[in-house]
Each structure stands twice: as C-alpha cells, then as structure tokens.
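Below is one structure; the comments refer to it alone.
Just so it is clear, the values below take in all heavy atoms, side chains as well, and ignore hydrogens, waters and symmetry mates.
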Amino acid sequence: MSAELPNRTVERLRPFGSTVFAEMTALAVATGAVNLGQGFPDTDGPASMLAAAQDAIAAGLNQYAPGAGMPVLRNAIAADRARRSNIQYDPATEILVTVGATEGIAAAILGLVEAGDEVLLIEPYYDSYAAAIALAGARRRTVPLVADGSGYAVDLDALERAIGPDTTLLIVNSPHNPTGTVFTRAELTRIAEIACKHNLLVLTDEVYERLVFDGPSSGHSAGSTPASSGHSAGSTPASSGHSAGSTPVHVPLATLPGMFERTVTVSSAAKTFNATGWKTGWALGPANLIDAVRSAKQFMTFVGGTPFQPAVAHALEHEDQWVAELRRGLQRKRDRLSTSLTKAGLTVKASAGTYFVCADVAPLGETDAVAFCRSLPARIGVAAVPVTAFVDQPEPWKTLVRFAFCKKDDVLDEAAERLLEL
Ligand code: PMP
Ligand code: GLN
C-alpha cells in the first residue's frame, strides 16, 4: 500500500494482509527463483478435459450456468462420490458447484456460522479458513497437530477439550495442507464421535482426496521435532496408525456414522486434474446445509465459469487412469524432493499425501522459518513457505518449511542443486 493513502481495509480483514503464497510467488518471480512455495502444478490436466472446455466454448456454453451448477457436472460429482466412497448425494438438492474449494469454504462459513460463534480449527490450517471466519464475524480456536514419529497426528483429547458453548463448526482438512498428513480412520472415527456428542457442524476440505500415496515418506525424526516441544507435552495420541508401513487411505468424514447430516464436504478439480486456474469446486451435504451454503454463494459470485463445468464432468467420468498416474508421479516427486532436502541437511517430515513435504531447517542453524523463506529466493534461488503462516501459535513450528513437489522433475532437480548451497 502506498505510504500516503490511509488504510481503508475493514478492521476484521486487516490482520490478514496478502497471502503467504502470493508473497513468496512474487519473491520467486522477482528473483527468478524455482518456486516450491505456492502449490500449483507446472503441467496440464488430461487432454480430453482441455478439449472438452474448448468444445464447450465453441458450442456456445458461454452464459450463466444454473445457480447450483450445470446438471451434467452435478450428476458427475454424485456418480464419482457414489463410486469411490459409496455415499449418495442427490444432484438436485445436495450438490452445489462453487468457484473453487475456496468459495465453497467461505460460503459454508458465511452461510452456517452466526456472528460471535466459535469455529474450531486444527492447526496448521489453510489460510482461507481464518479469513472467512473473520468475514463472518465469528471467532476461531485452534488445536495443534502433534508430533507422531516423523509425521503428525491429531491430539483428539485436546480437540474435545477445546469445544466450548459457542463452538458450532469444526473444520477438518485431510489430506492435510501443509503437512501432508492423511488422518487415519481411527482419528476420523473419534473426530466423528466428538462432533456427534457435541452436536457440531463439520466442514471437511478434501481437495487432496485423490493424492494419497502408498505409504508415508520416511521422514527423519532424529533431533528436535517441531511439534513435540510445545503445547501438548505428555498427550501422545493413542494408536494413531501413522506409523511407516501402514497404508494411508482417504476416508471422507461424511461416510462415518452420524456424520452425513452434519457435514459439508468441499473439494475441487484443482488438484485432481491439474487445473488450479479453473476454479471449479463443489460443496456436498444434506439439503438444509447446502441451502445455507447456496444462500451465501449466490451473492458472492452467483455462479462460476460455465465451459469448465462440462469439461470437469468429462474428466470425473473418464479420466481415472490419468488421476492414478498423477498420483504415482507425485509420490515419486515427493521421494525425489525429500531425498534432496535430506542431502541439503534439512530434517524431512513424513508426508502421505498432497503436493507438500515439510522439513525442519533447525539443523542448518536456522531459528526462524519466516526469515529463512524471505531470504531464500535471493540467497540460493528457491522459494518455499514457512509453516508458521498456517498457525496461531508459532512456537512449535518456527523452523518448519513447506516445499511443494508438484513440479517437473528437472525443476525439482534444479532446486535440489541450489539447495546444496545451503
Ligand atoms: N483447501 C486447501 C487445503 C488447499 O490447499 C487449497 C489450495 N489449492 C484450497 C482449499 C483451495 O482450492 P481451490 O483452488 O479449488 O479454490
Ligand atoms: N493452495 C495453494 C497452496 O497451499 C495456494 C493457493 C493460493 O495461492 N491461494 O500453496
């Protein structure tokens, strides 16, 4: 902002500034750095999906879609969920197409949370949750993930203790950005029990639902584990099931007992089909909850881009093999980058899904990941994101850095060489 002009941003948005992803991408562009900060792939989605969008434009699908989204996409989303997760959503009343998961999240919070209510987050948390909660005039409370071997687990007792009389919504993101943790069925079952017992609504962010790997990368847990030093000393999560060797599986929370009626599930085409720029997402849930989400969404954007919708429908129906190959490729990239980070002297944490792996820079003598990430592009030509950007209580996370591996191999190799200069 220019020095002469007064800050006119409303009070409730001032703490947020601009996103850490935008800041680090701008630094990367300015310095010509390899951008392992913002999570976006550098290759395109399935060719048939790209062609379908072009065909849709050529065929004249260029005006407003229906408010809930084009039926062809809502039907494809319903069929996809039924096939992969054995859960039935009625395309007429239980599915809403949104402008990316981001709008689905914001509209769910704005449509379901009263001003003054409390929303419970598991931290680190994706940055848009806090801003949407602030826009709704609500308050957030966070419970940290805790160290579990070389990865992380949910501290379920702390989660239950954090619920107060004003808590109305819990947000759960698995596979988890930024840590790559895939919550186990045991964890999600207990979360479901807690949500039912305390009558909470739940918003699940499942944008990385298809990007779950065959096993967690073998992080190196020697030395200091960032999350072990802080809040929940003594409260080791019981039978977390995150141990190396166990196969992570994505379990949609809405499929667990008692959860369908209280859960809004949000996902999008961005990560499944390498289409982060298409901003085509969806919210799923019982009709009364989706009505609330629609009430907010209709006045934010009314509808999203029309020609992307039949194209994403096509991909959901026909591109399973492409997604399977994407997942295998990302698993190899996770291992490639993890090896490079280890060689560069960082302590790599386990990642079982998503685009991301986190690593501790303390072994390099670093004490502050924010300062480290701000200097890294100019210093060695690599951009990354400090995990403290995702938390309210930075202490346990202050030397942890998130690296995105959703990049071409030669880009990852270039980053690897530069990292060796550390
Ligand atoms: N949730 C999480 C956890 C994310 O990482 C992202 C970023 N891709 C989003 C939501 C936003 O998704 P979209 O781009 O579909 O709005
Ligand atoms: N989801 C992406 C990430 O975590 C960023 C999206 C954005 O820039 N808002 O890197």
Side-chain angles (χ1 to χ4, degrees), residues 19 21-22 25 35-59 61-62 64-65 68-81 83-84 95-107 126 128 173 175 177 205-212 250 265-284 297 300-301 303-331 333-334 353-356 404-408 411:
T19 81
F21 313 114
T25 290
N35 188 357
L36 305 186
Q38 196 173 29
F40 62 90
D42 54 3
T43 51
D44 274 333
S48 73
M49 179 185 83
L50 306 179
Q54 291 170 355
D55 291 349
I57 292 173
L61 289 177
N62 301 305
Y64 296 128
M70 287 178 69
V72 66
L73 178 54
R74 283 184 277 137
N75 289 336
I77 293 165
D80 174 65
R81 281 271 149 177
R83 183 171 50 86
R84 286 190 301 111
I95 297 182
L96 176 68
V97 175
T98 58
V99 180
T102 307
E103 190 197 35
I105 291 160
Y126 186 59
S128 82
N173 167 221
N177 179 5
D205 178 346
E206 303 184 7
V207 297
Y208 299 100
E209 60 183 303
R210 306 283 287 267
L211 307 185
V212 175
H250 174 64
T265 300
V266 167
S267 192
S268 89
K271 310 300 153 54
T272 302
F273 299 117
N274 280 12
T276 63
W278 283 22
K279 298 304 296 184
T280 301
W282 44 89
L284 317 174
K297 183 261 183 319
M300 294 163 69
T301 55
V303 287
T306 302
F308 300 123
Q309 297 187 27
V312 170
H314 175 89
L316 284 169
E317 281 163 358
H318 300 289
E319 292 294 357
D320 261 8
Q321 284 313 312
W322 187 93
V323 178
E325 187 44 49
L326 172 73
R327 190 191 67 78
R328 282 192 288 273
L330 282 168
Q331 177 166 333
K333 290 173 188 297
R334 174 202 61 183
T354 75
Y355 281 170
F356 309 113
F405 50 76
C406 49
K407 307 290 174 184
K408 290 184 186 127
V411 173

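If you take CG on L50 and CZ on F308, they are separated by 10.5 Å, rounding to the nearest 0.5 Å. Atoms CD and OG1, on Q38 and T19 in that order, are 6.5 Å from each other to the nearest 0.5 Å. Atom OG1 of T272 and atom CD of E319 lie 12.5 Å apart (nearest 0.5 Å). Separation of atoms CD1 (I77) and CD1 (I95) is listed at 5.5 Å; rounding is to 0.5 Å. Note: L61 CG to M70 CE = 5.0 Å, rounded to the nearest 0.5 Å. In this structure, CG in L284 is found 5.5 Å from OG1 in T265, a value given to the nearest 0.5 Å.
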Taking it one step at a time, do Y208 and Y355 satisfy ring-ring contact (aromatic ring centres under 6.0 Å, His included)?
CA-CA 8 Å; Y208 299 100; Y355 281 170; 5.7 Å; yes
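No salt bridge links E206 with K271; every basic N to acidic carboxylate O contact stays at or beyond 4.0 Å. A salt bridge between D320 and R83 is present, with a side-chain N of the basic residue lying under 4.0 Å from a carboxylate O of the acidic one. Contact check on R84 versus E209 returns a salt bridge, with a Lys/Arg side-chain nitrogen under 4.0 Å from an Asp/Glu carboxylate oxygen.
In this pair, W322 and F273 present their aromatic rings tilted. The plane angle is within the 30 to 60° band.
In summary, the side chains of N177 and T354 do not present any donor paired with an acceptor at a separation below 3.5 Å, with no hydrogens or angles considered.
Taking every heavy atom of both residues into account, P175 and V212 meet most closely at CG-CG2, 3.6 Å. In this structure, A101 and V207 approach most closely via the heavy-atom pair CB-CG1, 3.3 Å.
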